[in-house]
Amino acid sequence: MTNPPNEEPLGGGAMLEASRREKLQRLIELGVDPWGGRFDGHAPIGQIRAREGKIVVEPVGDCATGQSPEQHGPTVRAAGRIVLQRRKGKLIFLDIRDWTGQIQIFVGKSQVGNDGWELAQCFDLGDLVGVDGELKRTKTGELTVFAEKLHFLAKSLEPPPAKHKGLRDPELRQRMRYLDLIHTEGALERALARTKIVQSIRATLAGQGFVEVEGPTLHAIAGGAAARPFVTHHNALDIDLYLRIALELHLKRLLVGGIERVYELGRVYRNEGISPRHNPEFTMLEAYQAYGDYRTMMDLTEKILADAIRATGESLVLPWGETQIDFTPPFERKTYNELFEQHAGASPDDEPAVRALGDELGFVTRGKHIDVVKNDVFEAKVESALTGPVFVCDYPASICPLTKRKAGDPNVAERFELFVAGMEVANAYTELNDPDLQEALFNRQLDGLAAEDSMARMDRDFLRALRHGMPPAGGLGVGIDRLVMLLTNSPTIREVILFPLLRPEAE
RNA sequence: GAGGUUGUAGCUCAGUCGGUAGAGCAACGGACUUUUAAUCCGUAGGUCUCGGGUUCGAGCCCCGACAGCCUCACCA
């Protein structure tokens, strides 16, 4: 390539793009639209590969002379992105990839003719092309489409990453997820696995008679969880609104309204930090079943998980890092106190010992309710030990403001959290439907929590709904992103969220 | 928000003691009709993240900013 005179020599990146633009120009001169158009009748590459058995080998000639036998294969049409290119004189070997697989294309000058050969001279790595040809094997046995006609479908003007190492920089992988999906081993599969999991969850719930609804994402009162909300503003009404932090309170209104099995699977927003397990927007499932309780939701949880794993085509024993997790139901069921005793090294009923543990761990314990201290200790000492899957059952009532108390023991709430690999992936209650107790719990400031962080925002309409009578019910929440992490062996939430929050790119 | 760590060609990465900026892939030119990360010959490509400072001299040392990652905090 020569630079026009009187112009600055191009830098590396600009030079790479210029060479591609030159080929784009050449395509136009050949009368080819570099941006292609509708391309009918092509088969997914995975399906094309499955037709390998249709290749017929006729041993013509003499085997003794080493003459290669004649092959006849099916005529196929494929479309995909060029991911590798090997030019060898008047031959080109292309590897093209679509979302079902990858296959080699043989382009010979005499086989595709001068027009086809000229077209192939305009190919760059990353271009999208189509091909008609015969499916056969090469001398070395590689399944190959022997091109008879080439089609240009779209030009790629940016150079792709290093052809085998791909994108390594996690920042680039997240900012340019499109490149990550193309070039990172397993990235596309993981994205599609997430879709399969979500589809499976919807199918399981539908099979159990649940209906899906869409609650509001803009809330006047952000309730249903203890989290700081994002604030936004409605201009016409001139009011501040909050992005929802949970689905709970509106779904329960629908329970009052007679939608007896109801769920929502959608995005919630929490104005908090980012970590390998947290993204400010994440996907939550909440499901409510009238006349059930938290045990009903345990069975449902097991079914949702087992179905989802089967939907991804995996066995119920899944790899997780260096270890494995067995998701075969039923999952272990242990009480909170039992696990506390086992892993924290103190009796949960021995208040001085629990407080001492809290002090030891560096928590502020003074003036805090014993259950808050106990839960701090639990989170620090017990949760990480729960490789699970294990249902942690029967939480201290005072840290569960939306949960029904156990009959005969007002200090214990009918709640479970499902832990796997030290992560909470599900949280379920026997839902509190006593409006007076609910109001009292909203009113009671939880010890040690600032008002803006607590559940203590009063949603009066929700209480009014409860006063109209909510059926006793079981409710379940599942963090979909974390579930997908576990089911796809992904160490960070950023691997399973296509576009995680990043600071804006500097200009 | 705090601490640690990383930032060098389009991508992946080297860069010694502070002394003229390196490789592989990709690109460009050439050879090659069954390659497999093709090979071989040649060419070009740099605001060393940004801004200060120390120094005769900074990719390297110091200060600050920006961004990613890790740990912690908030939280699920």
Side-chain angles (χ1 to χ4, degrees), chain A residues 1-3 9-20 22-23 68 71 83-95 102 104-112 117 124-126 136-144 146 156-176 179 183 225-229 245-246 268-285 362-363 379-380 383 417-419 423-427 449-450 452-453 477-483 485 491-494 500 502-507:
Chain A
M1 195 188 76
T2 52
N3 291 316
L10 293 169
M15 185 179 68
L16 296 178
E17 187 182 334
S19 120
R20 283 161 181 264
E22 227 171 64
K23 288 172 193 161
S68 55
Q71 288 182 65
V83 290
L84 282 175
Q85 198 172 198
R86 295 176 291 282
R87 290 177 177 265
K88 193 177 189 305
K90 295 183 177 64
L91 294 182
I92 306 171
F93 293 90
L94 301 172
D95 286 5
Q102 186 169 324
Q104 176 169 272
I105 310 298
F106 175 99
V107 181
K109 185 175 182 183
S110 62
Q111 287 85 347
V112 296
W117 190 248
D124 282 305
L125 290 180
K136 293 195 290 193
R137 278 182 290 262
T138 60
K139 262 183 196 167
T140 50
E142 180 80 18
L143 190 63
T144 300
F146 284 77
S156 170
L157 293 173
E158 298 267 358
K163 66 182 176 186
H164 294 289
K165 297 196 167 179
L167 275 191
R168 292 285 184 82
D169 183 340
E171 180 175 357
L172 293 182
R173 288 187 53 214
Q174 292 165 52
R175 288 198 197 280
M176 296 196 277
L179 277 186
H183 295 284
R228 300 155 79 122
I245 59 172
V268 298
Y269 306 86
R270 298 188 183 177
N271 204 339
E272 282 145 7
I274 297 172
S275 88
R277 273 169 286 283
H278 299 83
N279 193 61
E281 53 178 318
F282 63 103
T283 302
M284 182 99 110
L285 164 71
F363 296 121
E379 287 176 1
E383 290 187 355
E417 291 194 356
L418 175 65
F419 277 87
M423 269 192 306
E424 180 201 334
V425 296
N427 183 14
L449 285 179
E452 59 169 357
D453 293 343
V478 178
I480 298 298
D481 311 270
R482 289 183 176 179
L483 179 62
M485 283 171 69
T492 79
I493 204 166
R494 289 181 290 268
L502 289 172
R503 293 187 134 92
E505 208 170 350
E507 265 312 303

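Throughout, protein chains are lettered first and strands after them, A, B, ... in sequence-line order, and every chain is numbered starting at 1. Everything numeric in this text was worked out from a predicted model, so none of it was measured.
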Touch class at under 4.0 angstrom, heavy-atom based, for A:Thr283 against every strand present: nothing
Among B:C11, B:A27, B:U33, the nucleotide that comes nearest once only the side chain of A:Leu172 is considered: B:C11
P gap between B:G57 and B:U39, integer Å: 46 Å
P-based separation of B:C61 from B:U16 [nearest Å]: 9 Å
P spacing across the pair B:U71 / B:C56, given as an integer number of angstrom: 44 Å
Below 4.0 Å: OP1/OP2 of B:C69 and any side-chain N or O of A:Arg173: no
Rounded distance in Å between the P positions of B:G52 and B:C69: 28 Å
Whole-Å gap separating P (B:C70) and CD1 (A:Ile274): 11 Å
Nucleotide paired to B:G22 in any strand shown, Watson-Crick or G-U, under 3.5 Å: B:C13
Under 4.0 angstrom between A:Arg86 side-chain N/O and B:U35 OP1 or OP2: no
Sugar-phosphate only, base, or nothing, as touched by A:Arg20 at under 4.0 Å among non-hydrogen atoms: nothing
Distance between P atoms of B:G53 and B:C40 (Å, rounded): 48 Å
Separation between the P atoms of B:A58 and B:A73, rounded to whole Å: 44 Å
Separation of atom CZ in A:Arg168 from atom P in B:U6, rounded to whole Å: 19 Å
Any A:Arg503 side-chain nitrogen or oxygen under 4.0 Å from OP1 or OP2 of B:A67: yes
Base of B:U35 paired with side chain of A:Glu142 (donor-acceptor, under 3.5 Å): no
For B:C69, the Watson-Crick or wobble partner whose two distances fall under 3.5 Å: B:G4
Residue whose closest nucleotide on RNA chain B lies nearer the 5' end, A:Leu167 versus A:Thr144: A:Leu167
